[in-house]
Amino acid sequence: MEGTQNRQTDLNTIRRRLLSVNDRERLICVLEEIGNIPVALSTTEDVTDGTGLSMSFSVICTGVSVTNGVMCLTGDDGFTTVQLNLDTVRRVHSRPSVTAGGVSMKLSLKNGAEFLLMFHLEEQEPAAK
């Protein structure tokens with residue numbers, strides 16, 4: 001029971017830290033510290049790269065890492081990799097998710113693109129034996 005209580009305390013601490021993010025520098029600091037929390041990144045609308053290619057995507061991962069200001073996500077499938085240069089982030093808006101099980105962040109980039117970064121912070125139910 002104590003392990004469950006400690007895990008819930010850890011999740012609440014992480015939730016508070018994520019909700020305090022309001023700029024790129026704070027986002028980088030928190031991402032470097034939180035470790036392997038399930039996270040999803042998706043576009044809020046179709047993104048164009050300036051060549052006429054228009055796309056949208058969503059990737060679900062077991063964690064996120066930051067190296068030299070680049071956020072790296074590897075999909076649960078082990079093949080999909082997304083990297084986002086955090087220097088391109090203009091604004092960060094964090095808020096509790098609708099399910100209260102996590103934190104969502106809207107990242108607005110300098111080129112006008114917007115992404116939704118969602119951290120899953122619910123305690124997992126133990127598997128039935």
Side-chain angles (χ1 to χ4, degrees):
M1 180 68 180
E2 187 174 318
T4 302
Q5 183 66 30
N6 287 342
R7 175 74 177 151
Q8 191 61 43
T9 300
D10 291 346
L11 291 175
N12 288 333
T13 300
I14 292 167
R15 184 177 290 113
R16 282 192 305 275
R17 290 171 67 201
L18 287 168
L19 287 170
S20 72
V21 172
N22 58 8
D23 62 21
R24 182 182 59 81
E25 290 79 19
R26 183 76 181 129
L27 175 62
I28 291 171
C29 289
V30 171
L31 289 176
E32 288 175 339
E33 297 170 359
I34 61 172
N36 292 328
I37 292 175
V39 63
L41 178 72
S42 65
T43 53
T44 60
E45 58 188 35
D46 284 358
V47 176
T48 182
D49 66 355
T51 64
L53 176 66
S54 184
M55 64 180 171
S56 63
F57 70 87
S58 184
V59 61
I60 299 171
C61 348
T62 54
V64 60
S65 64
V66 176
T67 305
N68 297 324
V70 176
M71 179 175 65
C72 304
L73 300 148
T74 301
D76 286 347
D77 62 8
F79 296 103
T80 306
T81 302
V82 176
Q83 294 183 339
L84 178 62
N85 183 343
L86 295 175
D87 288 339
T88 64
V89 174
R90 183 181 57 190
R91 279 191 306 224
V92 178
H93 310 278
S94 60
R95 60 189 182 276
S97 66
V98 175
T99 65
V103 173
S104 298
M105 291 183 186
K106 186 163 104 177
L107 305 178
S108 300
L109 303 187
K110 293 175 182 175
N111 69 359
E114 292 184 339
F115 293 91
L116 192 58
L117 187 61
M118 298 158 285
F119 296 90
H120 182 73
L121 298 171
E122 287 182 310
E123 182 65 37
Q124 299 296 320
E125 294 293 323
K129 291 184 180 183

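Here the structure is a predicted model, which means the values were calculated and not measured. Just the heavy atoms: all of them, side chains too, but no hydrogens, waters or symmetry mates, feed the values below.
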If two hydrophobic side chains count as joined below 4.5 Å and joins carry through other members, does Leu121 share a cluster with Ile60?
-> no
For the residue pair Leu107 and Leu27, establish whether any side-chain heavy-atom pair is separated by less than 4.5 Å.
-> yes
Residue pair Thr88 / Asn111, side-chain heavy-atom distance below 4.5 Å = no
Check: Phe57 main-chain N/O paired with Thr43 side-chain donor or acceptor under 3.5 Å | yes
When clusters are formed by joining ILVMFWY residues with side-chain heavy atoms under 4.5 Å apart, either directly or through shared neighbours, do Ile14 and Val66 land in the same one?
-> yes
Path from Leu19 to Leu31 over hydrophobic side-chain contacts below 4.5 Å = yes
Check whether Met118 and Val59 end up in the same hydrophobic cluster, where Ile, Leu, Val, Met, Phe, Trp and Tyr are linked by side-chain heavy atoms less than 4.5 Å apart.
-> no
If two hydrophobic side chains count as joined below 4.5 Å and joins carry through other members, does Ile28 share a cluster with Val30?
-> yes
Between OG on residue Ser56 and CZ on residue Phe115, distance to nearest 0.5 Å | 10.5 Å
CG/Leu116 to NE2/His93 distance, rounded to the nearest 0.5 angstrom?
-> 11.5 Å
From CA spacing to verdict: side-chain contact (heavy atoms from CB on, under 4.5 Å), Leu84, Val70 | CA-CA 6 Å; Leu84 178 62; Val70 176; over 6 Å; no
Start with the C-alpha distance between Asp87 and Arg24, add both sets of side-chain angles, then the distance that settles salt bridge (Lys or Arg N to Asp or Glu O under 4.0 Å), and finish with yes or no.
-> CA-CA 8 Å; Asp87 288 339; Arg24 182 182 59 81; 3.0 Å; yes
Take atom CG in Asn68; do more than 12 heavy atoms of anything else shown fall under 6.0 Å from it?
-> no
Taking all atoms of both residues into account, what is the closest heavy-atom pair of Val39 and Leu117, and its distance?
-> CG2-CD1, 3.6 Å
Result of checking Leu18, Val92, Val21 against Arg26 for side chain to side chain contact (heavy atoms under 4.5 Å, CB included) = Val21
Has the side chain of Asn22 got a donor or acceptor atom that lies under 3.5 Å from a matching backbone atom of Ser94?
-> no
Closest non-hydrogen atom pair, Cys61 against Thr74 = CB-O, 2.9 Å
Criterion side-chain contact (heavy atoms from CB on, under 4.5 Å) on Arg15 and Phe119, from CA distance to verdict | CA-CA 9 Å; Arg15 184 177 290 113; Phe119 296 90; over 6 Å; no
